[in-house]
Amino acid sequence: MLTGEIRSKIDQVWNAFWAGGIANPLEVIEQITYLLFMRGLDDIQTREENRANMLGRPIERVIFPEGVYRQDRDGKDVSYQELRWSRLKNEDPARMFLLVSEFVFPLLREMAEAGTAHSEHMRGARFTIPTPGLLAKVVDMLAEIPLEDRDTKGDLYEYMLGKIASAGQNGQFRTPRHIIKLMVELMKPTPQDVICDPASGTCGFLVAAGEHLREHHSKLFMDTSLNKHFHNTMFHGYDFDQTMLRIGSMNMQLHGVEGADIRYRDSLSSSHGDDADKYSLVLANPPFAGSLDYETTANDLLAIVKTKKTELLFMALFLKLLKPGGRAAVIVPDGVLFGSSTAHKAIRKMLVDDHKLDAIVKLPSGVFKPYAGVSTAILFFTKTNSGGTDHVWFYDVQADGMSLDDKRQMLVAEEKFGPVPKEALGADDHAKNNLPDVVSRWAERNGSERDNSRTGQSFTVSAQEIAGADYDLSLNRYKEVVHEAPEHRPPKEIMTELLKLQDEIACGLKELEAML
C-alpha cells in the first residue's frame, strides 16, 4: 500500500511533466519508464558488485563495464560508469541532459539490438523530455521515492498507470484493476500454470496472477524448479504496440518477475504453430476494433471460425493457445453472447458442445468508462476437445464498488473494494459492490446454485436448454423478471398529482411562449 507521502511525490512528478509541456499520459508513463529502467539497471549492477565482493569472485553480470563508452562533442571521454543512475542524479542539469539524451539512450538501444534480456523492449526508445530543467526536476523527484521494496515498486507503477485517463489507439484501454483481481481470484492460478495474455498491454493480468501466487503459494519460492518457472517460463504476454511492451515489461520487473516473456506479436495476424496447445491459463481483455481482412488474418484462426470479426477471432485464438484441460477467463463484448451471424453461433456452439463453458459474469455497462460505454461480460471456459458442458453459471453484476459514470468514483471504503472477503462487508455494501458476492457464489455454482430460481443475480442453465435456444448466451434470455403488482393508491391522491403535473406543463408552455 502506497503512503500518502509517496502518492504526493508521484503526483508532483506527473504535474512536472504537464507543466514542462508533455501532456500525453502515455508519453509521460513511457518517459518515467525509461528513467525507472535506468535506475533499475544501476540497482542490478550494484547488487552484482556487492555479491561479487562478498564472495570474493568476479562480477557475473556486467551492465556498465569499466572503460570509455564514447566521446562527447568536445572530444572528452564518457565512461560507462558516468551513465549509471547513481552518478547521473548528482550531475548538473545541462550535463545530465547531455549524458541521458546522447549516451544513455543510444546505449539502451544498443543493448536491445544485442539481444540483452533486460533491455529487449528498448529498441525503439525515444527520449522526449524537452529541457534539462525538467529532466533534473523529475530525476530528483524519482530519486526520493523508495524503490527497495517490491510491493512499493509495484504499487507505485500501478498508481501511475491508473493516471492514464484516455484510450490509446486500436481500442486499447486499461482493464480496471479490481475486475482483473476478480478474474484471477476465480481462476486461482497454481505454481504449475503457464499463463498467457495475448493482448497484454500493461500486463495487468499477468501482474495480478503473480501477486495471487505470492499471496497464496509463497512456498513455491523455496522450490528451486518452481521458483525458476515463476521467474522465467510462467508468464507470457503479446502485444503489437512497442510502447505497451515497454510499459508491460517494466510493470512485470517492478512486481518482481525477472524474466517474463513479453514480446511483439500481432496476435490475429501471426501464425500460432509454436504456441498452440501451450498454455494452461489464458487471462485477457483484448481490443475489439471491428473487422480484419481475410488476407491479414492468421490461417490457423480462420480454420477454427471463418469470420472477419476481431472479437470472434480472439475467441478462436484463446482456444488455439490453450492446452487440453487449460482454462480461460476473458472479457468479451455482449455481441459475442447473442450475435446472430453464422460465425457467432459457431463459436458459441463450439464452447458449449466441444469444450466446457463454465460461467458467464455479466458486467455493468459503465465498468470501462471513461474509455468506453460498451456492455461486456467475462467468459470462463475450459478447453476439452470432447465437450463437458453440463450447466452454465450466470451472474448479473449490477455494481462493482464504483460509480458507473465517467467519474468512476469509489462508493465503498478501500478495504471493502474489489473482490474482498464477503465477511468484510456491511449490510448495505452489497448494493454498492457485488464482487465479493460473485466470489462467494462461484464456490456454490455446482451445488446449491442449481436449485436457485432465476429471479436472483445468479443461476445456472443446462447445456440442453442453451442448445435449444440456438446457443444464445445472453443472461437476459434466461433470467426471470418478477413483476410486482402495482401499488394501490386512492383515486383522490392520483388526481391531485395529475392536476399538479397539468399546472407544471402549463407553466412550462407559458415560459416557452415568452422565450419565443
Side-chain angles (χ1 to χ4, degrees), residues 13 16-17 20-22 24 26-50 52 58-145 147 153 157 160 242-251 253-254 258 262 264:
V13 172
F17 272 103
I22 300 182
N24 182 339
L26 278 179
E27 186 177 359
V28 173
I29 287 287
E30 188 174 30
Q31 294 304 302
I32 292 175
T33 296
Y34 294 143
L35 296 176
L36 290 175
F37 186 74
M38 289 161 50
R39 180 172 173 177
L41 290 179
D42 190 34
D43 289 343
I44 291 172
Q45 175 104 2
T46 300
R47 285 197 299 270
E48 291 291 328
E49 290 169 346
N50 292 338
I59 299 176
E60 295 180 359
R61 186 180 182 186
V62 178
I63 299 172
F64 300 97
E66 296 296 330
V68 176
Y69 171 54
R70 286 181 183 173
Q71 292 182 326
D72 63 18
R73 302 169 187 172
D74 299 324
K76 181 182 176 181
D77 291 344
V78 174
S79 70
Y80 284 95
Q81 296 300 311
E82 289 180 83
L83 307 183
R84 297 178 63 165
W85 172 272
S86 54
R87 291 277 297 273
L88 283 167
K89 68 179 183 179
N90 297 317
E91 294 282 0
D92 67 79
R95 181 67 177 171
M96 181 193 299
F97 190 82
L98 173 70
L99 291 173
V100 171
S101 61
E102 298 191 15
F103 296 93
V104 173
F105 269 71
L107 177 62
L108 294 181
R109 289 191 289 267
E110 289 167 14
M111 287 179 175
E113 294 294 339
T116 306
H118 49 247
S119 60
E120 180 181 352
H121 302 301
M122 296 295 154
R123 186 172 288 107
R126 294 180 309 110
F127 179 67
T128 61
I129 294 177
T131 64
L134 177 58
L135 175 62
K137 187 173 184 179
V138 171
V139 167
D140 285 344
M141 290 176 176
L142 289 179
E144 292 178 2
I145 298 175
L147 293 180
K153 288 191 292 188
Y157 206 66
M160 288 193 295
Q242 290 291 353
T243 297
M244 287 297 165
L245 287 170
R246 282 191 282 274
I247 292 172
S249 180
M250 174 59 67
N251 204 11
Q253 289 181 42
L254 291 177
E258 297 172 1
I262 311 300
Y264 177 89

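Basis for what follows: all heavy atoms, side chains included, without hydrogens, waters or symmetry-related copies. Values in this document were obtained by computation on a predicted structure and should not be read as measured data.
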* With sequence neighbours left out, what residues match D72 under salt bridge (Lys or Arg N to Asp or Glu O under 4.0 Å)? -> R95
* Judged by atom type as modelled, is there a donor-acceptor pair below 3.5 Å linking the side chain of R109 to the main-chain atoms of A125? -> yes
* **Sub-4.5 Å side-chain heavy-atom contact between L142 and K89** => no
* Decide whether Y80 and Q45 meet the rule of one side-chain donor and one side-chain acceptor closer than 3.5 Å. => no
* Quick one: CD1 on I29 to CG on N24, what's the gap to the nearest 0.5 Å? -> 10.5 Å
* Structure fact -> Between P132 and P93, the two heavy atoms sitting closest are CB-O, 3.5 Å
* Asked: Hey, what do you get for OH (Y264) to CE (M244), rounding to the nearest 0.5 Å?
  -> 14.5 Å
* Parallel, tilted or perpendicular: ring planes of F105 versus F127, cut at 30 and 60 degrees -> tilted
* To do: State, to 0.1 Å, how close I63 and P65 come at their nearest heavy-atom pair, and which atoms those are.
  => O-CD, 3.3 Å
* Atom of G20, atom of L134 and distance for their closest heavy-atom approach -> CA-CD2, 4.0 Å
* Hey, mind stepping through I59 and E49 against side chain to side chain contact (heavy atoms under 4.5 Å, CB included) and telling me if it holds? -> CA-CA 6 Å; I59 299 176; E49 290 169 346; 3.4 Å; yes
* Asked: Is the backbone N or O of F64 less than 3.5 Å from a side-chain atom of Q81, with the two atoms forming a donor-acceptor pair by type?
  -> yes
* **side chain to side chain contact (heavy atoms under 4.5 Å, CB included) assessment of I44 paired with Q253** => CA-CA 12 Å; I44 291 172; Q253 289 181 42; 5.6 Å; no
* Check L99, D77, L83 against Y69 for a side-chain contact (heavy atoms from CB on, under 4.5 Å) and give me the one that passes. => L83
* To do: Can you sort out the partners of E91 under side-chain hydrogen bond (donor to acceptor under 3.5 Å, both in side chains), two or more places apart, ordered by chain and number?
  => none
* To do: Sequence neighbours left out, what pairs pass side-chain hydrogen bond (donor to acceptor under 3.5 Å, both in side chains) with at least one residue falling in residues 124-142?
  => E27-T128, Q31-T128
* Tell me, with the steps shown, if M250 and R246 meet side chain to side chain contact (heavy atoms under 4.5 Å, CB included). => CA-CA 6 Å; M250 174 59 67; R246 282 191 282 274; over 6 Å; no
* Asked: Is it true that a side-chain atom of D42 and a backbone atom of M38 form a donor plus acceptor pair closer than 3.5 Å?
  -> no
* Structure fact -> Across all chains, not counting sequence neighbours, the salt bridge (Lys or Arg N to Asp or Glu O under 4.0 Å) partners of R39 are none
* Using salt bridge (Lys or Arg N to Asp or Glu O under 4.0 Å) as the criterion, list what pairs up with E144, not counting sequence neighbours. => none
* Are any non-hydrogen side-chain atoms of L35 and L135 less than 4.5 angstrom apart? -> yes
* Are any of the side-chain heavy atoms of V139 and L88 separated by less than 4.5 Å? -> no
* Asked: How about Y34 and I129: do any of their side-chain heavy atoms sit closer than 4.5 Å?
  -> no
* To do: Walk me through it: do I247 and L26 pass the test side chain to side chain contact (heavy atoms under 4.5 Å, CB included)?
  => CA-CA 9 Å; I247 292 172; L26 278 179; 4.3 Å; yes
* Flag side-chain contact, heavy atom, 4.5 Å: S249 against F37 -> no
* Structure fact -> Residues at least two apart in sequence or cross-chain that pass side-chain hydrogen bond (donor to acceptor under 3.5 Å, both in side chains) with S101, listed by chain then number, are none
* Asked: Should L108 and L41 count as side-chain neighbours, where that means a heavy-atom distance under 4.5 Å?
  -> yes
